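Okay, structure first, notes after.
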Amino acid sequence: YGGSLRGDVGESHVLVVGGCVRSGDSPIYSLPGQDYQTIIGGSRFSGTVTTSEVTVSHHGETFAVQGGGRSGTGTYTETTDVTISGKAKVYYMVCGSVTDGNNSSRIPVGSSHVTIDHSAMIGSSGFSESGNVYAGGWDTYANSLYPSTKNTSLTINGGTIYGSVYGGGFRGTIDNTRGNGNAVTIEINGGTIDGSVYGGGKGGIDPIATGDAVGNTTGRAYIIGDISIKISGGTIGSVYGGGEYSKVGGDALSTTLSITLSNAEVTGSVYGGGKGDSSNAGLGSVELTGLLSIAVQNTTVSGSVYGGGMLGSLNSSDISVEVASSTVKGAIFGGGMGVSGYSSVAKVTTGGISITVSDSTVSDQSTQYALFGGGAAAYTETKGVTIHLFGSTVMNGDVYGGGYGTVPGKGEPDVAKPIMSAVDRTIVVNGASINGNLYGGSRVGQDAPLTGNLPVYSKDGGYGGDVSIRILAGVVMQGIFGGG
């Protein structure tokens, strides 16, 4: 402990530059709650620490590192700063806040900051449950009723992270309702992340819970406030603006979410929303009162780019997706990614969707489509869609103003399900080449309300919308259709 067992401390400094911090009779991969060894910047039971600084560098090794106190209810740390650098190794996890949850109205950590630098290693290739980095806390309190951190920031300049990176915490809330600036700020300038980057936190079963507490499978891994993710280098699995089985937003606070990628490599996909579950859209939900924006520049994405989430619902004022001078090997979607038969799970509700692609290549021709204004097997409710394809852009597949639905399942009516609200769509091609068809409507799914399997009618009939397709310059290799 950098702080005290009980009592106030001005500043605490912990520096490890060599050796291994663990008990002699415990394996390095011991389970949480069973004699695991953690460097803790804050205090144990109670007391205030003004500034907590923990640095593990050079050839230092330890099981886990945290910036705040052990108890979220009794300790308070105004600012935490955790740095893992050099050739240091942290075998299990790193977190910027507390590890015992918070069951009082006082938030135990004001601001937390985590930095991973140089050739540091978090986790191990031989230990699948290790290697996560949380800018927030690691809240193993079964009923963590109150937030653990006001705001967080995470900087990754190098190193190897075998797990995933979270702007929030594990089972704990980040609440910046009364603060200025972002609730979560993530900046990645280099390094390798085998897992994913999440703007939000992570839900899941408390690993040390027993009895009735085992049933609390998510905790309260919420984010209340703005989220900013800037990735300007490095190699990453997937990127999510939201959390993993956790919630972002949902209160009266003006909340925006931005994802910016440049000069990076994404081996998975990019999602504006969170990662949920097909049986519960709320697990990965994102509730914004403001704009959700995604900007991809000089970056290779091996998967797809989605304005919405993966099996998680999303609400926002608008969605903006911009792809410039990049390669997207999958497709671009204005909405989210669902699963066949569950079009409401990854539902996106937003004012308008804007997709701009310039000087980029989309689709590796392994599919027959390249871009959709809506989602994939996920319903999109919006007031309008605008798609601009500029410059030397090459779309190796069909382009749709609507969404990508799914065929009826066994025993279901032989009618395509609604996949997108019937609204005005504008598609402008100015220099791009579309190696396929161009459609104003959807693929398979109906453009109609989600409440029924209804065909598209005119505006006067209650459904439908105007479609405007303008070819100013460029090539459409096959057909141009106003419908789907």
Side-chain angles (χ1 to χ4, degrees), residues 56 64-65 82-96 112-136 138 152-170 184-202 204 221 227-246 258-275 284 294 296 298-306 309-310 326 328-330:
V56 182
V65 176
V82 175
T83 300
I84 315 297
S85 61
K87 294 184 178 180
K89 298 178 180 179
V90 179
Y91 290 98
Y92 188 67
M93 71 88 187
V94 175
C95 77
S112 67
H113 184 209
V114 175
T115 301
I116 311 297
D117 208 345
H118 303 132
S119 299
M121 184 190 80
I122 313 298
S124 170
S125 59
F127 189 40
S128 61
E129 298 301 320
S130 72
N132 289 338
V133 176
Y134 305 93
W138 198 72
T152 71
S153 63
L154 172 63
T155 303
I156 299 175
N157 297 318
T160 300
I161 297 172
Y162 286 101
S164 292
V165 168
Y166 301 85
F170 173 61
V184 171
T185 301
I186 298 176
E187 293 186 4
I188 299 175
N189 303 307
T192 300
I193 300 171
D194 283 0
S196 298
V197 173
Y198 296 89
K202 174 181 172 64
I227 295 176
S228 172
I229 302 173
K230 294 181 180 180
I231 301 173
S232 57
T235 301
I236 298 144
S238 290
V239 179
Y240 296 84
E244 182 179 22
Y245 311 126
S246 66
S258 66
I259 301 172
T260 304
L261 296 104
S262 62
N263 303 305
E265 180 179 356
V266 179
T267 60
S269 294
V270 178
Y271 303 88
K275 180 179 180 180
I294 300 173
V296 181
N298 295 317
T299 292
T300 297
V301 179
S302 296
S304 297
V305 175
Y306 298 86
M310 175 182 176
S326 297
V328 178
K329 296 182 180 180

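Numbering starts at 1 and runs along the sequence shown. This is a predicted model, so every value here is computed, not measured.
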Query raised in the report: Is there side-chain contact between Val296 and Val328, with at least one heavy-atom pair below 4.5 Å?
Result: no
Query raised in the report: What are the two closest non-hydrogen atoms of Ile229 and Tyr240, and how far apart are they?
Result: CD1-O, 3.7 Å
Query raised in the report: Does any N or O in the side chain of Thr152 come within less than 3.5 Å of the main-chain N or O of Ala135, such that one atom is a donor and the other an acceptor?
Result: no
Report task. Considering non-hydrogen atoms only, spot the tightest contact between Gly96 and Ser112 and give its length. Result -> O-CB, 3.5 Å
Report task. Any chance you could measure His113, atom NE2, to Thr83, atom OG1, to the nearest 0.5 Å? Result -> 7.0 Å
Query - Residue pair Ser196 / Ser164: nearest heavy atoms and the distance that separates them - result: N-OG, 2.9 Å
Report task. Could you check if a side-chain atom of Ile193 sits within less than 4.5 angstrom of a side-chain atom of Ile188, using non-hydrogen atoms only? Result -> yes
Query raised in the report: Where is the tightest heavy-atom contact between Gly201 and Ser246, given as atom of each residue plus distance?
Result: O-OG, 2.8 Å
Report task. Taking all heavy atoms of Lys329 and all of Ser302, pick out the closest pair and write down the distance. Result -> CB-O, 3.4 Å
**Report entry** Geometric class of the Trp138/Tyr92 ring pair [parallel <30°, tilted 30-60°, perpendicular >60°]
**Finding:** perpendicular
Query raised in the report: Nearest 0.5 Å, what's the CD1-CD1 distance between Ile116 and Ile156?
Result: 6.5 Å
Query raised in the report: Of all heavy-atom pairs between Ser269 and Ser238, which one has the smallest distance, and what is that distance?
Result: N-OG, 3.0 Å
Query raised in the report: Roughly how far apart are Ile84 CD1 and Lys89 NZ, rounded to 0.5 Å?
Result: 14.0 Å
Report summary line: Separation between CE (Met310) and CD (Glu244), nearest 0.5 Å, reads 9.5 Å
Query - Heavy-atom check, side chain of Asn263 versus side chain of Ser232, under 4.5 Å - result: no
Query raised in the report: Which distance, rounded to the nearest 0.5 Å, do you find between the CG of Leu261 and the OG1 of Thr300?
Result: 11.0 Å
Query raised in the report: Does Ser326 use its side chain to pair, donor to acceptor, with the backbone of Asn298 at less than 3.5 Å?
Result: yes
